[in-house]
2 protein chains.
Amino acid sequence: MMLLHQAAYVLETELTAKLAEIGMTPRGRCVLSSAVDAGRTQTELAELSNMDKTTMVVTMDALEKAGLAERKLSPTDRRARIIEVTEAGRELLARADRVVADVYEDVLGSLPEGEREGLLGALTRLIEGRLGEPVECDRPPRRRALRQAVG
Amino acid sequence: MMLLHQAAYVLETELTAKLAEIGMTPRGRCVLSSAVDAGRTQTELAELSNMDKTTMVVTMDALEKAGLAERKLSPTDRRARIIEVTEAGRELLARADRVVADVYEDVLGSLPEGEREGLLGALTRLIEGRLGEPVECDRPPRRRALRQAVG
DNA sequence: TATTGTTATACTCTATAACTATA
DNA sequence: TATAGTTATAGAGTATAACAATA
């Protein structure tokens, strides 16, 4: 099962590097995906990505500075900010999605068809079964939440 | 392929939590494994685990404080310290290895035999092929090196 | 001059607590 | 009283730079 770690590690490194080349991060992509055409507030987006609201502030600061998303005042709650993805944000998100899809396709394409299906089948079974839920953890390691991983 | 991340993430969380229950960390286990009966110096161990020598100092401080390993003066180089794993260290390492092996066995055991072999075969092919080498990365993410991952 | 291990320091990333302004 | 977002701050984790002792 060390194999599993190594494969995931190398794949994540490659995806993060390729996203960085076009000026995107896995977290930024995650937030933009949840925000586009959704009319969600910062707090809602933070919950969707399992990040603290203060981490969301930092993330939004970066996205706004990069011109990829904007904070708009909510018409119904003057405390809240609705996050809107800009046209530039949409375009970059589309490019990022293509980058990720291309890598996945390339990786899976390197396997013979039978093995490819076997891999996906086994992983699906694990996710739906034995590895479905993270175990309880008193002091969880300080790392990105799964939802923010490149995917 | 998001499946791959999720499976690795959940598995790593479980292993880290179970190691913590017995007072072990993935990094500590990695260093102890490389050190036991090997007569290696701190720098050699740091290189084997792909960590900075200053990170190794911190790691050894913890292992020594916990009574799991000791710094001995090298008989041939008065600058160097040979790391020796204590009896307590050996015992805890053995327990840790058993914890990890049990989890792996349990996870793989949750798959029907055909899928199990398919999974291992596909992962092996990826590691030896498309996902063999991490891509070059200007500013690599600040995270544990693969070698220190639980395995 | 180069290397081992150490210390001091800085940087990244993330979260907790306290605050402002609303609700 | 509670909530959205912000700021200030703290902590974990890791690395870089400078240093002392030794090669």
Side-chain angles (χ1 to χ4, degrees), chain A residues 9 12-13 16 20 25-28 30-31 35 38-65 69-84 137-150, chain B residues 9 12-13 16-17 20 25-28 30-31 35 39-65 69-84 137-150:
Chain A
Y9 184 95
E12 183 184 349
T13 302
T16 302
T25 64
R27 168 169 294 161
C30 175
V31 169
R40 295 205 168 98
T41 65
Q42 276 191 214
T43 296
E44 287 168 344
L45 291 174
E47 281 169 2
L48 281 172
S49 299
N50 293 108
M51 77 177 78
D52 191 87
K53 61 181 180 174
T54 61
T55 305
M56 187 65 206
V57 170
V58 177
T59 305
M60 269 309 303
D61 285 350
L63 289 174
E64 203 158 34
K65 188 176 169 192
E70 292 172 347
R71 294 165 161 110
K72 303 282 192 179
L73 296 177
S74 163
T76 61
D77 185 339
R78 301 213 313 213
R79 295 169 304 178
R81 279 103 173 87
I82 303 295
I83 303 308
E84 282 188 10
C137 200
D138 274 351
R139 194 184 315 193
R142 225 154 155 124
R143 55 176 173 170
R144 281 199 303 274
L146 174 59
R147 283 298 317 268
Q148 299 164 44
V150 96
Chain B
Y9 184 96
E12 182 184 350
T13 302
T16 303
T25 63
R27 166 169 293 160
C30 175
V31 170
R40 295 205 167 98
T41 65
Q42 274 189 217
T43 297
E44 286 169 345
L45 291 175
E47 281 169 2
L48 280 172
S49 299
N50 292 109
M51 76 177 78
D52 192 87
K53 60 181 180 174
T54 61
T55 306
M56 187 67 205
V57 170
V58 176
T59 304
M60 270 308 305
D61 286 349
L63 289 174
E64 203 158 35
K65 189 176 170 194
E70 292 171 349
R71 293 165 162 109
K72 303 281 192 181
L73 296 178
S74 163
T76 61
D77 185 339
R78 299 213 312 213
R79 295 170 304 180
R81 281 104 172 85
I82 304 295
I83 301 309
E84 282 187 11
C137 201
D138 274 352
R139 194 185 314 196
R142 225 150 155 126
R143 54 174 173 172
R144 280 199 304 275
L146 173 59
R147 284 294 320 267
Q148 300 164 42
V150 97

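Keep in mind that what you see is a predicted model, and the values were worked out from it rather than measured. Chain naming here is simple, since letters A, B, ... match the order of the sequence lines and numbering starts at 1 in each.
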Do A/T41 and A/R71 come close enough that some side-chain heavy atom pair is under 4.5 Å? no
If we only count heavy atoms from C-beta on, is the B/R40 to B/I83 side-chain gap below 4.5 Å? no
Measure [atom1]/[X] against [atom2]/[N] and give the value in whole Å, please.
X     : N      : atom1 : atom2 : result
B/L45 : C/dG5  : CG    : C1'   : 13 Å
A/Q42 : D/dT3  : CD    : C1'   : 14 Å
B/D52 : D/dT16 : CG    : C1'   : 8 Å
A/E64 : D/dT6  : CD    : C1'   : 13 Å
A/M56 : D/dT7  : CE    : P     : 15 Å
B/I82 : C/dG5  : CD1   : C1'   : 13 Å
B/M60 : D/dG13 : CE    : C1'   : 19 Å
B/K53 : D/dA18 : NZ    : C1'   : 10 Å

Tell me whether A/Q42 contacts the main-chain N or O of A/M56 through its side chain, where contact means a donor paired with an acceptor under 3.5 Å. no
At less than 4.0 Å, is any side-chain N or O atom of [X] found next to OP1 or OP2 of [N]? Yes or no.
X     : N      : answer
B/R71 : C/dT6  : yes
B/R27 : D/dT14 : yes
A/T55 : C/dA15 : yes

Across the strands shown, which category fits B/T43 at heavy-atom distances under 4.0 angstrom: base, sugar-phosphate, nothing? sugar-phosphate
Classify the nucleic acid contact of B/S74 as base, sugar-phosphate or nothing, counting any heavy atom under 4.0 Å across all strands shown. nothing
What are the two closest heavy atoms between A/A46 and A/D52, and how far apart are they? CB-O, 4.3 Å
Show the nearest heavy-atom pair for residues A/R79 and A/R81, with the distance to one decimal. O-NH1, 3.4 Å
Nearest to the A/A80 side chain among D/dG5, D/dT16, C/dT14, which nucleotide is it? D/dG5
Checking contacts here: which listed nucleotide (D/dT22, C/dG5, C/dA15) is nearest the side-chain heavy atoms of B/R81? C/dG5
N/O donor-acceptor pair, side chain A/R78 with base C/dT22, under 3.5 angstrom: no
Toward the 5' end of DNA chain D, which comes first, A/T54 or B/D77, by nearest nucleotide? A/T54
